[in-house]
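Beneath this line is the structure, given in structure tokens, with notes to follow.
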Protein chains: 2
Amino acid sequence: MEKTVQSIDRQLDILEMVANARQGLGVSELARATELPKSTVHRILQTLCRRHYVRQDEESGRYLLSYRFLSISAQYYASLDLRVVAAPLARELSAATGAAVHLAIQRGDQAVYIEKISPYSSTCSYSEIGKTIPLYCSSIGKVLLAALEPAIFEEYLTRADFRQFTPSTLDPEALRRQVEACRKSGLAVDDGEHEADSFCVGTGIKDFRGTTIAAMSLSSSRKELSFSPATAEALVRCAGRISQIFGYEGEIANGS
Amino acid sequence: MEKTVQSIDRQLDILEMVANARQGLGVSELARATELPKSTVHRILQTLCRRHYVRQDEESGRYLLSYRFLSISAQYYASLDLRVVAAPLARELSAATGAAVHLAIQRGDQAVYIEKISPYSSTCSYSEIGKTIPLYCSSIGKVLLAALEPAIFEEYLTRADFRQFTPSTLDPEALRRQVEACRKSGLAVDDGEHEADSFCVGTGIKDFRGTTIAAMSLSSSRKELSFSPATAEALVRCAGRISQIFGYEGEIANGS
DNA sequence: CTGTACGTTCCATATTGCGGAACATCGTTC
DNA sequence: GAACGATGTTCCGCAATATGGAACGTACAG
């Protein structure tokens, strides 16, 4: 095992514990949790206080995170470009599954494709980067709808016109049921609802606040793509890795 | 000077330099910048890599921030409540200036008051927490408009009805000029535009991304509040302190 | 008033972090 | 293709820094 700097490891242990405790932690609590002497913990906290990474609540004496974390993170967050981050992982996913991979973000009542990775064999021809698709009849759209506040989603149901693209296109009640299911499973399916021969499964990409910032899907023809657990798992894993880069820590397949 | 942990200070120096360099930094560059030996810098970076606070770009060998910063920050950011953070500072500002202090956020074409600190002597009676005011005829509204993308602001100009509350209420062209000025100065004024006897000056509160998340204003009667540089400065300083807590690092009075 | 638990400070000690030297690799120049 | 320069990485002897135990000051509960 390669040598690391013990003091830095200890400091990060302390920081992570402080971060996880919403009301902060005291020196003695941290000493017990880290199995370090109080003087060691205190010295580390003083150093972090001096640099504004941690602050001490005057009333309780407890230590909490402070603003320097956000300041540092701002620069990391500003440097993240979803397409740049996602593209290599999307290519790997496409290669591993043989399916087309799409990335989309929400703009009003549409999903806008921002990435498309398409194997040569793909029959998937509708989607193009920059093109939009209605939310109600695409797997990525349903994922984005599932991320909305319920009241906002109900408003959408009221105003969307639910134009029928294929015999499989959903009506509002069917959509509500599928969005509800997606909130629980984190997955949505488009079974020929926009293009008759197309089958897609999608999931969400989240950032550090738990906000769904994009949706990612696998697409193929109905004949080719079976909704196998392994395929869905690969999609969820890929979206999870992208979410992680954007600071998301939870399980990706719990659409809360 | 109280003793801190040198290794932690060094690590934070390195982290802050890496954060400021959008394309990352190499070991030798960091060694020169920190005046530390390369082996010292390398050891610190290895420790941060192990914990996913930093990563090394495979192609360039440079070190960049990684996702653990956002993960840690998420918990800090989630714990921030604008009203809770702002209230003590708003009370100080009101006491120092003798003026009423308001906080508002944007909801569609309205500004919603989320805080009101009012000295007993205040004649300011319209605003109440939860109440809304149109964006075009309030200082806080103009601050929020100034933060919009220009195209979104032009759309607003097209659809707002510019109802005339007082002889001083602005028309679209006058508003455009004032919003333009606010983008430069970071300050906006309401000189009797919604209530004839009221004078307000407002500025923005930003978060770690540079996003304007709220506006803050000082209000009084036209007879009482002079637009003195000292008063405006106190407002900007107060808003700056709140912005800092939300991770904003830039100068608050440059509305970019 | 006493006991307990907290955060803080001090200082002798030894462990850990230091940093110089050497190494391996890569890109550039001739 | 060889030489050079700059990079990142590794190693190890050493001493400076981090450690942690003890003591202190404070606050609160009984």
Counting only side-chain nitrogens and oxygens, does B:Y63 get under 4.0 Å of the OP1 or OP2 atom of D:dT7? no
Side-chain (A:T47) to main-chain (B:V5) donor-acceptor, under 3.5 angstrom: yes
Exercise answer: donor-acceptor pairs, residues 8-18 of chain A side-chain atoms, under 3.5 Å, sequence neighbours excluded:
| from | atom 1 | to | atom 2 | distance (Å) |
| --- | --- | --- | --- | --- |
| A:D9 | OD1 | B:R51 | NH1 | 3.1 |
| A:D9 | OD2 | A:T4 | OG1 | 2.8 |
| A:Q11 | OE1 | B:Q11 | NE2 | 2.8 |
| A:Q11 | NE2 | A:I8 | O | 3.3 |
| A:Q11 | NE2 | B:Q11 | OE1 | 2.8 |
| A:D13 | OD1 | B:R51 | NH1 | 3.2 |
| A:D13 | OD1 | B:R51 | NH2 | 2.8 |
| A:E16 | OE1 | B:R51 | NH2 | 3.3 |
| A:E16 | OE2 | B:Y53 | OH | 2.6 |
| A:E16 | OE2 | B:R68 | NH2 | 3.1 |

By side chain to side chain donor-acceptor pair (under 3.5 Å), which residues pair with B:S73, not counting sequence neighbours? A:S73
For A:Q75, all residues meeting side chain to side chain donor-acceptor pair (under 3.5 Å), sequence neighbours excluded: B:E249
Counting side-chain heavy atoms from CB outward, which of D:dG20, D:dT9, C:dT8 is closest to B:V27? D:dT9
Out of D:dT10, D:dG20, C:dT8, which has the shortest distance to the side chain of B:H42? D:dT10
Would you work out how much the helix from C:dC1-D:dG30 to C:dC30-D:dG1 bends between its ends, with each end axis defined by five base pairs, to 10 degrees? 40°
Tell me the salt bridge (charged side-chain N to carboxylate O under 4.0 Å, His left out) pairs involving residues 57-67 of chain B, sequence neighbours left out? B:E29-B:R62
Listing request: all salt bridge (charged side-chain N to carboxylate O under 4.0 Å, His left out) pairs with a residue in residues 77-99 of chain A, at least two apart in sequence or in separate chains. A:R83-A:E115, A:E92-A:R241
List for me each residue that meets side-chain contact (heavy atoms from CB on, under 4.5 Å) alongside A:A31, sequence neighbours excluded, and say none if there are none. A:K38, A:V41
For nucleotides 23-30 of chain D, give me one character per nucleotide, 5' to 3': B if any protein heavy atom sits under 4.0 Å from the base, S if the only such contacts are to the sugar-phosphate, - if neither. --------
With a cut-off of 6.0 Å (strictly less than), are more than 12 heavy atoms of other residues, nucleotides or ligands near CZ of A:R209? yes
List in numerical order all residues of residues 10-26 of chain A for which some heavy atom is under 4.0 Å away from an atom belonging to DNA chain D. A:R10
Residues 75-100 of chain B vs ring pair (Phe, Tyr, Trp, His ring centres under 6.0 Å), sequence neighbours excluded, gives B:Y77-B:F208
What does the list of N/O pairs under 3.5 Å between the protein and nucleotides 2-5 of chain C look like, with a distance for each?
none

Would the B:F69 and A:F69 ring centres measure less than 6.0 Å apart? yes
Under 3.5 Å, which N/O atoms of the protein pair with N/O atoms of nucleotides 10-16 of chain C?
none

